[in-house]
J.: 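Below you'll find the structure I mean.
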2 protein chains.
Amino acid sequence: MGRPRTFDIEQALEAALAVFWRKGYEGASYADLVEATGVERPALYSAFGNKEALFLRALERYNAHYGSYVWKAIELETSRQVAQRVLEGAVELSTRFDDRTGCFGINGGVAGSDDSEASRRALIKWRADGEAVLRERFERAKREGDLPNDVDPSVLAAYLLTIAHGVAVQAKAGFPREKLSAIARQALSAWPGK
Amino acid sequence: MGRPRTFDIEQALEAALAVFWRKGYEGASYADLVEATGVERPALYSAFGNKEALFLRALERYNAHYGSYVWKAIELETSRQVAQRVLEGAVELSTRFDDRTGCFGINGGVAGSDDSEASRRALIKWRADGEAVLRERFERAKREGDLPNDVDPSVLAAYLLTIAHGVAVQAKAGFPREKLSAIARQALSAWPGK
DNA sequence: CTCATTACATAATGATCGTTATGAAACTGG
DNA sequence: CCAGTTTCATAACGATCATTATGTAATGAG
């Protein structure tokens with residue numbers, strides 16, 4: 001019972017996600033969030049908790065709705081295909097929306113005040129999770145002979161995500177997609193194995 | 001004439017630079033700056049102008065005192081040596097200080113509120129300047145036959161800085177120097193030419 | 001219809017933001 | 001020694017920050 005909600009909670013979350021994606025955690029104010037979602041402050045608090053909780057919910061949604069290309073990529077046949085798909089995905093996602101270029105996980109917070117340390121830690125953990133998934137995939141590739149014996153899967157995974165993060169920074173700076181694609185191709189030429 | 005300054009202006013600037021390096025533009029408050037510099041607010045305003053001007057002065061100093069490795073690297077003999085030195089420099093600088101890992105130009109501001117747009121634009125321009133210097137160097141290398149004819153110097157320059165930016169993000173996340181070096185070596189294995 | 005419950009919009013909370021007004025303190029030239 | 005100038009520290013400015021108290025509107029259950 002009780003008065004029913006007048007807004008769609010997933011729709012509001014998506015709008016909040018877009019704000020955080022564009023402005024980062026600290027750069028996004030409740031005035032921005034209210035304007036983007038069309039939901040008043042107290043309603044946001046009652047639906048999502050405080051700003052940090054809302055940000056984490058947004059990260060969760062970003063991971064499920066936008067970051068899924070990594071989880072799909074690791075199912076490809078060869079490590080090179082995986083690497084290529086990951087970089088393609090990073091370029092595509094970083095330039096998909098003109099009003100929020102780059103990556104939520106990078107824009108969200110690289111540096112900031114001590115107050116927002118928790119949100120940055122959450123993003124770091126999120127990126128580390130992605131790296132772990134790739135590392136495991138490349139360990140398998142090594143066992144299967146897809147990658148030579150002298151490579152370090154953890155370095156390859158870290159290398160790949162380093163490119164992805166760099167691409168995200170460049171995208172946020174306004175680099176066009178074609179340029180980012182050329183960068184990704186260049187990075188791929190460093191890939192060991194076939 | 002008049003009452004003499006009781007603090008060293010370059011020393012205060014260096015302390016402010018360290019704060020911006022660590023917390024970014026928006027994350028750095030005047031409370032932080034006063035504590036780090038040991039200089040009261042009105043004195044900071046009278047010496048440097050407002051926050052934006054102080055940040056730009058800090059960027060200037062960062063460029064001269066810490067970012068100079070790029071300008072030195074382009075004097076090396078081959079493009080590969082240049083690329084190697086740039087990445088080595090990025091890794092070293094990103095991990096030189098434990099209390100301000102990463103790069104001033106990245107930490108300073110990737111995303112944020114609209115109020116700090118100007119500072120982000122300044123950083124984007126700074127990074128673009130570095131890229132232009134490298135591009136010109138690689139154009140020369142191409143003319144001299146140090147780089148093959150089918151490469152695009154602007155892609156190589158952008159590629160190199162994309163790695164550097166990615167490395168900076170990883171360093172800010174706490175990656176150890178050794179890991180970043182391994183990433184840099186991996187990136188270098190994609191370098192065309194000898 | 002009444003009541004308990006939930007969500008609503010308005011507006012206020014204390015804290016902190018960047019910035020500056022204020023007046024005393026410390027120096028130099030006359 | 002005094003007048004003029006600059007810096008000093010204290011404290012305040014309005015604006016905005018995240019968060020919430022308040023009272024009304026809208027529902028379902030009894």
Side-chain angles (χ1 to χ4, degrees), chain A residues 1-13 15-17 19-20 22-59 108-109 111-122, chain B residues 1-13 15-17 19-20 22-59 108-109 111-122:
Chain A
M1 68 170 109
R3 182 171 173 174
R5 279 225 152 75
T6 58
F7 66 92
D8 181 72
I9 210 163
E10 289 298 319
Q11 195 174 328
L13 183 56
L17 158 59
V19 174
F20 284 128
R22 174 172 183 194
K23 301 196 171 189
Y25 177 76
E26 288 199 301
S29 71
Y30 266 91
D32 296 326
L33 294 168
V34 166
E35 184 185 356
T37 59
V39 176
E40 295 298 331
R41 274 163 230 244
L44 288 176
Y45 277 90
S46 108
F48 302 106
N50 66 6
K51 190 183 182 185
E52 191 177 311
L54 175 54
F55 181 78
L56 295 181
R57 282 285 298 272
L59 171 57
S113 76
D114 293 340
D115 291 346
S116 59
E117 179 68 24
S119 70
R120 286 193 297 280
R121 294 288 289 274
Chain B
M1 66 172 110
R3 182 170 174 173
R5 266 228 157 81
T6 57
F7 66 93
D8 182 72
I9 210 163
E10 288 299 318
Q11 195 173 327
L13 183 56
L17 158 58
V19 174
F20 284 129
R22 174 170 182 197
K23 301 196 171 188
Y25 177 75
E26 289 198 304
S29 71
Y30 265 91
D32 297 326
L33 294 168
V34 166
E35 184 185 358
T37 59
V39 177
E40 295 298 330
R41 275 163 230 244
L44 288 176
Y45 276 90
S46 111
F48 302 106
N50 66 6
K51 189 182 182 184
E52 190 177 313
L54 174 54
F55 181 78
L56 295 180
R57 282 285 299 272
L59 171 58
S113 76
D114 294 341
D115 292 345
S116 59
E117 179 69 23
S119 70
R120 287 194 296 279
R121 294 287 291 271

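Note on naming: letters A, B, ... go to the chains in the order of the sequence lines (proteins, then strands), and numbering restarts at 1 for each one. A quick note: this is a predicted structure, and the numbers were derived from the prediction, not measured.
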J.: Could I get the full list of side chain to side chain donor-acceptor pair (under 3.5 Å) partners for B:K51, not counting sequence neighbours?
T.: none

J.: Mind checking side chain to side chain contact (heavy atoms under 4.5 Å, CB included) for A:A118 and listing every partner two or more places apart, or none if nothing turns up?
T.: A:E52

J.: Which angle, rounded to 10°, do you find between the first-five-pair axis and the last-five-pair axis of the helix from C:dC1-D:dG30 to C:dG30-D:dC1?
T.: 10°

J.: Output the rounded distance in Å from CZ (A:F48) to P (D:dT19).
T.: 14 Å

J.: Looking at A:T37 and A:A16, what are the two nearest heavy atoms and their distance?
T.: CG2-N, 3.9 Å

J.: Under 4.0 Å, counting only non-hydrogen atoms across every strand here, what does B:A28 touch: a base, just sugar-phosphate, or nothing?
T.: sugar-phosphate

J.: For residues 2-13 of chain B, which residue pairs qualify under salt bridge (charged side-chain N to carboxylate O under 4.0 Å, His left out), counting only residues two or more places apart or in two chains?
T.: B:E10-B:R61

J.: Looking at A:A43 and A:V39, what are the two nearest heavy atoms and their distance?
T.: CB-CG1, 3.3 Å

J.: Separation of B:D114 atom CG from D:dC17 atom P, in whole Å?
T.: 11 Å

J.: Can you check whether A:Y30 has a side-chain N or O nearer than 4.0 Å to OP1 or OP2 of D:dT19?
T.: yes

J.: For the residue pair B:L13 and B:A58, what are the closest heavy atoms and their distance?
T.: CD1-N, 3.9 Å

J.: Sequence neighbours excluded, which residues qualify as side chain to side chain contact (heavy atoms under 4.5 Å, CB included) partners of B:L59?
T.: B:F104, B:A122, B:L123, B:W126

J.: List the atom of A:G108, the atom of A:F55, and the distance in Å for their closest heavy-atom pair.
T.: CA-CZ, 4.3 Å

J.: With sequence neighbours left out, write down each residue that passes side chain to side chain donor-acceptor pair (under 3.5 Å) with B:E117, or none if nothing qualifies.
T.: B:R120

J.: On a heavy-atom basis, which atom in B:V19 and which in B:A36 lie closest, and how many Å separate them?
T.: CG2-CB, 3.3 Å

J.: Can you name the side chain to side chain donor-acceptor pair (under 3.5 Å) partners of B:S113, sequence neighbours left out?
T.: B:E26

J.: Rounded to whole Å, please give me the gap between CG in A:L44 and P in D:dT20.
T.: 13 Å

J.: What are the residues of residues 51-59 of chain B, sorted by number, that bring a heavy atom to within less than 4.0 Å of DNA chain D?
T.: none

J.: Between residues 33-41 of chain B and DNA chain D, which residues have a heavy-atom gap below 4.0 Å?
T.: B:E40

J.: Within less than 4.0 Å of OP1 or OP2 of C:dG18, is there a side-chain N or O belonging to B:Y45?
T.: no

J.: Test of understanding: with ring-ring contact (aromatic ring centres under 6.0 Å, His included), list the residues that count as partners of A:Y45, not counting sequence neighbours.
T.: A:Y30

J.: Do the side-chain N or O atoms of B:N50 get closer than 4.0 angstrom to the phosphate oxygens (OP1, OP2) of C:dG18?
T.: no

J.: A:D114: which residues meet the side chain to side chain donor-acceptor pair (under 3.5 Å) condition with it, sequence neighbours left out?
T.: B:K23

J.: So which protein nitrogen or oxygen atoms get under 3.5 Å of nucleotides 5-7 of chain D's nitrogens or oxygens?
T.:
residue: D:dT6; atom: O2; partner: B:R3; partner atom: N; Å: 3.0
residue: D:dT7; atom: O4'; partner: B:R3; partner atom: O; Å: 3.3
residue: D:dT7; atom: O2; partner: B:R3; partner atom: NH1; Å: 3.2

